Amino acid sequence: MNLTVFGIGYVGLVQAAVLAEVGHNVVCVDVDAEKVKRLRDGVIPIYEPGLEDLVKENHAAGRLAFTTDAAAAIKHGRILISAVGTPPGEDGSADLKYVMAVAETIARDMTEPKIIVSKSTVPVGTCDRLRKRVGEILTMRGLGELEFDVVSNPEFLKEGSAVADCQRPDRIIIGTQSPISEQLMRELYEPFNRNHEKIIVMDVRSAEFTKYAANCMLATKISFINEMAGLADHLGADIEEVRKGIGSDPRIGYHFIYPGSGYGGSCFPKDVRALIKAAESVEFDATMLKAVEQRNNTQKSVLFEKVHQYFGGDLRGKRFALWGLAFKPNTDDMREAPSRVLMEALWDAGASVSAYDPEAMAECQNIYGQRDDLLLCGTKEAALRGADALMIVTEWKNFKAPSFDMLREALATPVIFDGRNLYNPKTVARHGLEYFGIGRQAA
Ligand code: NAD
C-alpha cells in the first residue's frame, strides 16, 4: 500500500520504518529540511534501539523515502498519516497548530480520495475539527464532492522500545464510522494482526480519548507510588518491600509502580495537563488528574531536597555526579526529564554537575550549551571522580551493578542519592557508602 507520513519525529519515523519493513511504500514528509537531508544521508535524528538499521535497510530497498515536497507526498499516499507534534500551549492545552497545518496542506493539494489518519495525541473533537476544515478548503477549491475521511489512530509506542512496540503492538485503536476507512486501516495493519486480533474499532471521539485515558492512568500509577514512597520515608517503611507486597496482587500488578524521581518525557506531563485543560473547558473538575500532576512536580524535587538537607542547606561550590540525563533508559529524549529540574536546582544553589548518560549527552549539550557548572563526561567513572555525591536519575542498565568499592574511592564524600532505587541499601552500606533512595530506610 502507498502511504504518506507527515512528521518525522519519534512516532512518525518509527512507525514509517516499521510499516515499510512489512512491505508498504512509505514516503515521509517533514518541514524540517535539515532533518530530511540528514535522513537521506543515513543520519538518524533520534536514538531508539533497532531504528537505525531498520531505516537504512528500508531506505536502501526503496520502500522508505524522505522529502519536504508535501504535494508529491500527498499524491503518493492513499492513506496519509499525520504524526506531527502536539506540544503544550501556554495554558497547558494541546497546541494544534501543526496538526491543523498538515490537514490544511492536504486539503489544498489533494485531488483524489484520501484517508487522513490522525496519529498524534489530540484532544477529543480534533478529528471532527479537521474534517470540517478539510471540507471547507475542498469546497473553496470547487472539490466539495471529493471523498475523504479523518480517522483517529492514536499511537501507544514507548520511547526506548518504540520499534519493538510498533512491530508487536498490544492493540491498534481505529476510530472511524466509515466502513471503507475501516477496511483500508485493517489492510494497513494486517501484518501486525496475525497472531491474534489486536484491532479495536470504535467511534472517533472514543479513540481520541482512549489515548489520553491510557497515559493518564499510567501517570496516576506513578504518582500514586511516589506519594506512597514519600509517606514511607516519614513512617519508617521501605517502599520497595511495599511495592512487591502490593504488586503481587494481580489486580494491581508490578508494572508502573516503581517509585522514582517523577515521570517526564514528551507525553505524560503534557497529556495529563491537556486533559485537565479539556476538563476545564467543559467545566468538569478533574481533581484526581490535578493531584497526579502536582505530585509529579513535587517528586522531581525530592532528590534535590535530600541532598540539600544532607549538606546542611549549603551546596555552594560542591560538584555532584549525575548518572542519567534522559527521562528514561534507551532514549536520548530529555523533554521534561527529572534530570533537568535537578540540575537547574543544583545550579541555582551554587553547585556544579558532572554528568554521564549513554545516549543523551548531545541532547544535553543542545539544551544547555557550554557552561562552567556543567561537565559532560565520557564515562560514568569520569563523572564520579572527586564529586561530592553520586546522584542517579535514569535507570540505565549499566548503572545497575557498579563496583561500590570504586564508587567509594572515587567520591569525595561516599554517599549515593538514588532517584531510581537501583541498589540494595544493605549492599551499599557494606561497602562503606551512605545511601538515600526514594522511600527507603537507611540500612
Ligand atoms: P516530534 O516533535 O518528535 O516530531 C514531530 C515532527 O513533525 C517534527 O520532525 C516536525 O518537524 C514535524 N512537523 C511539524 N509540522 C509539520 C508539518 N506541517 N508537516 C510535516 N512535518 C511537520 O513528535 P513526536 O514525539 O513524534 O510526537 C508526535 C505525536 O505523537 C504527538 O502528538 C505525541 O503526543 C504523540 N505520541 C508521542 C509518543 C512518544 O513517545 N514520543 C508516543 C505516542 C504518541
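If you're wondering where the values come from, they're calculated on a predicted model, not measured in any experiment. Atoms within each ligand, like the ligands themselves, are counted from 1 in listed order. As a basis for the values below, the full set of heavy atoms in this structure was taken, side chains included, without hydrogen atoms, waters or symmetry mates.
Just one of Asn366, Asp357, Thr394, Leu325 meets the side-chain contact (heavy atoms from CB on, under 4.5 Å) condition when paired with Met334; it is Leu325.
Within the structure, salt bridge (charged side-chain N to carboxylate O under 4.0 Å, His left out) contacts touching residues 54-83 (residues at least two apart or in different chains) are Glu52-Lys56. The salt bridge (charged side-chain N to carboxylate O under 4.0 Å, His left out) pairs that include a residue from residues 174-198 are Glu182-Arg186, Arg186-Glu197, where partners are two or more places apart or lie in different chains.
For Lys300 (side chain) and Gly264 (main-chain N/O), no donor-acceptor pair under 3.5 Å exists by modelled atom type.
Salt-bridge check for Asp333 with Arg335: passed, with a basic side-chain N closer than 4.0 Å to an acidic carboxylate O.
Sorted by chain and number, the heavy-atom contacts of ligand 1 below 4.0 Å come from Phe6, Gly7, Ile8, Gly9, Tyr10, Val11, Val29, Asp30, Val31, Asp32, Lys35, Ala83, Val84, Gly85, Thr86, Tyr98, Val102, Ser120, Thr121, Glu155, Leu157, Glu159, Lys211, Ser266, Cys267, Lys270, Arg335.
With sequence neighbours excluded, the residues that form a ring pair (Phe, Tyr, Trp, His ring centres under 6.0 Å) with Phe304 are His308.
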